[in-house]
**Student:** 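Starting off with a structure, shown below.
Only a predicted model underlies this, so the values are computations on that prediction, with no experimental measurement involved.
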Amino acid sequence: MTRKKVKLAFISDDSARKATYKKRKKGIIKKVSELTILCGIPACAIISNPFDSKTEVWPDLDGAKQVIERYQSSSVIDGTKNVNQESFLLQRITKAREHLKKLRNENREKEMSIRMMEYMEKKDLPDDVSVSDLKEFEKLIEKNVKEIDNKIVALGELD
């Protein structure tokens, strides 16, 4: 049997509000207790009672103080990791731009390799090759030669 959906609104009847407060307080304390047991983490609950001046503290006042002190000291240490939404989005944008730049460079290098292979097959350079393209070809050829030399050295070491 399912429960009906609870309408979240202020309960105007004092006795009903008091009864609901007691039930919900008990449920919250039970959940915090289960959380500490199941996850093995320190936790506490501080619930202010609107019907009298007594404040409910779980597990006890000393335990709550330890959890709060631990939280306050850890947030000072991990302050660099705490980010708001704006700084998080700026970090993501920066990473995405760096990744895009890296992919563009890889694509450009692959294009140049393909063009270089085509030129080698035809044994002729087209008329529209610019000086910057030739410089990039030179860098690509030097890189490929270094890779080949490294592979030759690695194979020589295996013998």
**Student:** Is there a side-chain contact between K101 and N105 in this structure, where contact means two heavy atoms from C-beta onward sitting under 4.5 Å apart?
**Tutor:**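 Yes, close enough: below the 4.5 Å cut-off.
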
**Student:** How long is the gap from CZ on F137 to CZ on R115, to the nearest 0.5 Å?
**Tutor:** 5.0 Å

**Student:** Would you kindly confirm whether F51 and I29 end up in one hydrophobic cluster when ILVMFWY residues are joined by side chain heavy atoms under 4.5 Å apart?
**Tutor:** yes

**Student:** Quick one: OG1 on T36 to CD on E34, what's the gap to the nearest 0.5 Å?
**Tutor:** 9.0 Å

**Student:** Restricting to non-hydrogen atoms, name the atom on A16 and the atom on I11 that form the minimum distance, rounded to 0.1 Å.
**Tutor:** CB-CG2, 3.9 Å

**Student:** Is it true that I148 and L155 fall in one hydrophobic cluster, defined by side-chain heavy atoms closer than 4.5 Å?
**Tutor:**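 Shared cluster, no.
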
**Student:** Which heavy atom in R17 sits nearest to a heavy atom in F10, and how many Å separate them?
**Tutor:**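 That closest heavy-atom pairing would be NH1-CZ, 3.2 Å.
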
**Student:** Does CD in E106 sit with more than 12 non-hydrogen atoms of other residues, nucleotides or ligands closer than 6.0 Å?
**Tutor:**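 Result for CD/E106: enclosed.
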
**Student:** Under a single-linkage definition using a 4.5 Å side-chain heavy-atom cutoff for Ile, Leu, Val, Met, Phe, Trp and Tyr, are M117 and V145 assigned to the same hydrophobic cluster?
**Tutor:**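 Yes, one cluster joins them.
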
**Student:** What's the shortest heavy-atom distance between P59 and A43, and which atoms?
**Tutor:** CD-O, 3.9 Å

**Student:** Measure the spacing between CD of E142 and NZ of K146 and express it to the nearest 0.5 Å.
**Tutor:**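 Spacing of CD (E142) from NZ (K146) equals 6.5 Å.
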
**Student:** Taking atom NZ of K18 and atom OG1 of T20, what is their separation to the nearest 0.5 Å?
**Tutor:** 12.5 Å

**Student:** When you measure from the side chain of S113 to the backbone of E109, do you find a donor-acceptor pair of N or O atoms at a distance under 3.5 Å?
**Tutor:**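 Between the backbone of E109 and the side chain of S113 there is a qualifying donor-acceptor contact (under 3.5 Å).
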
**Student:** With clusters defined by side-chain heavy atoms of hydrophobic residues (ILVMFWY) lying less than 4.5 Å apart, directly or transitively, does I41 cluster with V32?
**Tutor:** no

**Student:** Between NZ of K110 and CG of N107, what distance do you get to the nearest 0.5 Å?
**Tutor:**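 Answer for the NZ-CG pair, K110 versus N107, is 6.5 Å.
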
**Student:** How about L89 and Q85: do any of their side-chain heavy atoms sit closer than 4.5 Å?
**Tutor:** yes

**Student:** Check the pair L103 / H99 against side chain to side chain contact (heavy atoms under 4.5 Å, CB included), numbers first and verdict last.
**Tutor:** CA-CA 6 Å; L103 291 176; H99 185 65; 3.5 Å; yes

**Student:** So which heavy atom on I46 is nearest to which on I68, and how close?
**Tutor:** CD1-CD1, 3.8 Å

**Student:** Decide side chain to side chain contact (heavy atoms under 4.5 Å, CB included) for E136 and R108; before the verdict, give the C-alpha distance in whole Å, the side-chain angles of both, and the deciding distance to 0.1 Å.
**Tutor:** CA-CA 10 Å; E136 285 189 48; R108 179 73 177 151; 3.1 Å; yes

**Student:** Indicate, with yes or no, if L35 and V67 share a hydrophobic cluster defined by side-chain heavy-atom contacts under 4.5 Å among Ile, Leu, Val, Met, Phe, Trp and Tyr.
**Tutor:**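 No, separate clusters.
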
**Student:** Quick one: does N49's side chain get under 4.5 Å of Y21's, heavy atoms only?
**Tutor:**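 Sidechains of Y21 and N49: in contact.
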
**Student:** I'd like to know whether CZ of F88 has more than 12 heavy-atom contacts from other residues, nucleotides or ligands below 6.0 angstrom.
**Tutor:**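 No, not enclosed.
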
**Student:** To the closest 0.5 Å, what do you measure between CD (Q72) and NZ (K65)?
**Tutor:** 12.0 Å

**Student:** Would you check if P42 and Q66 make a side-chain contact, meaning some heavy-atom pair closer than 4.5 Å?
**Tutor:** no

